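Right, one structure below, let's go through it.
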Amino acid sequence: MTQTFSRIDQLSQFTGRSVTVRGWVSHLRSSGKVAFIVMRDGSGLLQCVLVKKQMPEEDWARFAALTLEASIAVTGEVRGDDRAPGGYELGVSALEIVGASPLDYPIQPKEHGVDFLLDNRHLWLRSPKQVAIARVRHEVEQAIHDFFYDRGFVHVDTPILTAAIGERSGLFQTEYFDEGTAYLAQTGQLYGEAAAAAFGRIYTFGPTFRAEKSKTRRHLTEFWMIEPEMAWYDEAMNEELQEQFVSYLVERCLTRRAAELKELARDVSKLATVKPPFPRIPYTEAVEILRKKGSAIKWGDDLGAEDEALLVADYDRPVFVCNYPKDTKAFYMKENPADPRTVLCADLLAHEGYGEMIGGSQREDDHDKLVARIKHEGLPLDAYDWYLDLRKYGTFVHAGFGLGLERTVAWICGVPHIRECIAFPRMMHRVRP
RNA sequence: UCCCGAGUAGCUCAGGGGUAGAGCAGGCGACUGUUAAUCGCCGGGUCGGGGGUUCAAAUCCCUCCUCGGGAGCCA
């Protein structure tokens, strides 16, 4: 005889019928001859009601042995009840303990400190808020693939072990056979540019690594980044794509992950306004605005975190800050013909103070200017021979950007720290679990 | 690397010279509709490490360690 099992999110179809559900205990309550189990199976929460005289004695006795996070199989009749979370509950006729859980389960239904929770991240993942964040993240990832698939982009996977150095920030190193030192990739962009010449429009989506000793709520040492690269796009087209893209991601979460955003107590009115066009503030203008607001920033300085927050405070959607000074930005960005002190680039700053979500630019497509920039930065020219070939053999106007997945998820969820937006965060003081 | 802050029960924290505290969790008991149930009783400690001041230090001083937040770097 084959026993069939039901998933909690399907139970409304089985009202009045007896089903068996398997999952884990998340809450226990008893008041003498009536007892309640709230269980979780990954698809939802289910309240199970046990009445002593309505079930076999040995099954009733098992309740006394039940503990938080034990795995169980519960059989009973599905019925609607307003007192039950989710509107449906199970009138239990049989209870089986599949896997016991000792009494020292670390995460109790109460307040805990973040450090303690991160030490127990493998168990913390089971908590409702964490489940909601993970589902929003999944929705964003799926939406990213859908958005680009629908626009004819090809998804290209770029290497994690690399010899070339993309930018100047910290790199993780490892020995690589007889080839010397290899680095963990901190961007797939240079490879993306090569692929753009093969497919026209591509995007990469993978982990990137930064060996910076960052200690802020916006930084991880390992994070996921999506990097589109488009042939024949200039910076204006690049920014239009970005605002459509970000708006689409938000829209998808608002329509399909409303329950999760509610669980997270996210003020969705702050997201409903996220629609194109986004404001565009040239860097030079941004400096003037900031100085009027009391910042000590001078032309040529990069924007500090406080400056970014000041600048974005007046808007109800993300803001582009464009055309930064050349010296504050990476070597591959194209010089601005209208003002050669600056480059054709834009950072997209999330509103509500979540900071830089996207960094993008038009790429330098002039071979000789690119060589000059690499030399000027003091970077090893021979490491970039293949990258320079892209300008040697049929150079082309192109642009692209990088979007930080965890920052985007944190912003959409309204979660203050991005470490909760990845299953197992990697930070300066944390490589386990 | 710099600037703040914190380390006390399994967890979250209070106590700031004179017998080590609370809530939750745990144990026992009561309760037929609970929502982080409630009520009664019980057990639970190297006060981060080391040194110093003092009759007396969790408390004051010095030092080290660990962690968190912010800055910088950037997504």
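Excluded from the calculations below are hydrogen atoms, water molecules and symmetry mates; all remaining heavy atoms, backbone and side chain alike, are included. Keep in mind it's a predicted model, so treat the numbers as computed, not measured. Chain letters run A, B, ... following the sequence lines, proteins first and then strands; every chain starts at 1.
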Under 4.0 Å, heavy atoms only, any strand: does [X] hit a base, just the sugar-phosphate, or nothing?
X        : answer
A:Gly304 : sugar-phosphate
A:Thr208 : nothing
A:Ile226 : nothing
A:Asp81  : base
A:Ala305 : sugar-phosphate
A:Gln54  : nothing
A:Glu306 : nothing

Is a side-chain donor-acceptor pair under 3.5 Å present for [Y] with [X]?
X        : Y        : answer
A:Glu229 : A:Gln189 : no
A:Thr342 : A:Asn323 : no
A:Glu89  : A:Gln47  : yes

State the pairing partner of B:G68; accept Watson-Crick or G-U wobble contacts with both distances under 3.5 Å, and report none otherwise.
->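 Here B:G68 is engaged in a pair, and the nucleotide opposite it is B:C4.
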Partner of B:U38 under the Watson-Crick or G-U wobble criteria, both distances under 3.5 Å, comes out as B:A30
Between [N] and [X], is there an OP1 or OP2 to side-chain N/O distance shorter than 4.0 Å?
X        : N     : result
A:Arg217 : B:G69 : no
A:Arg419 : B:G68 : no
A:His112 : B:U12 : no

Under the rule syn = chi within 90° of 0, otherwise anti, which is B:G16?
-> syn
Are the ring centres of A:Phe331 and A:His376 closer than 6.0 Å?
-> no
Using centres under 5.5 Å plus planes under 30 degrees as the test, is A:Phe223 stacked with B:A75?
-> yes
In whole angstrom, give me the gap between the P atoms of B:U63 and B:A75.
-> 40 Å
Between B:G17 and B:C41, how far apart are the P atoms? Round to whole Å, please.
-> 33 Å
Donor-acceptor pair under 3.5 Å: do we get one between A:Arg407's side chain and the base of B:C74?
-> yes
Could a donor-acceptor pair under 3.5 angstrom be found where the side chain of A:Lys52 meets the base of B:U32?
-> no
Out of B:G33, B:A75, B:G69, which has the shortest distance to the side chain of A:Phe36?
->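 In terms of side-chain proximity for A:Phe36, the closest of B:G33, B:A75, B:G69 is B:G33.
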Those residues that, when tested against A:Phe116, pass ring pair (Phe, Tyr, Trp, His ring centres under 6.0 Å) (two or more places apart) |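 Ring pair (Phe, Tyr, Trp, His ring centres under 6.0 Å) check on A:Phe116 returns A:His112.
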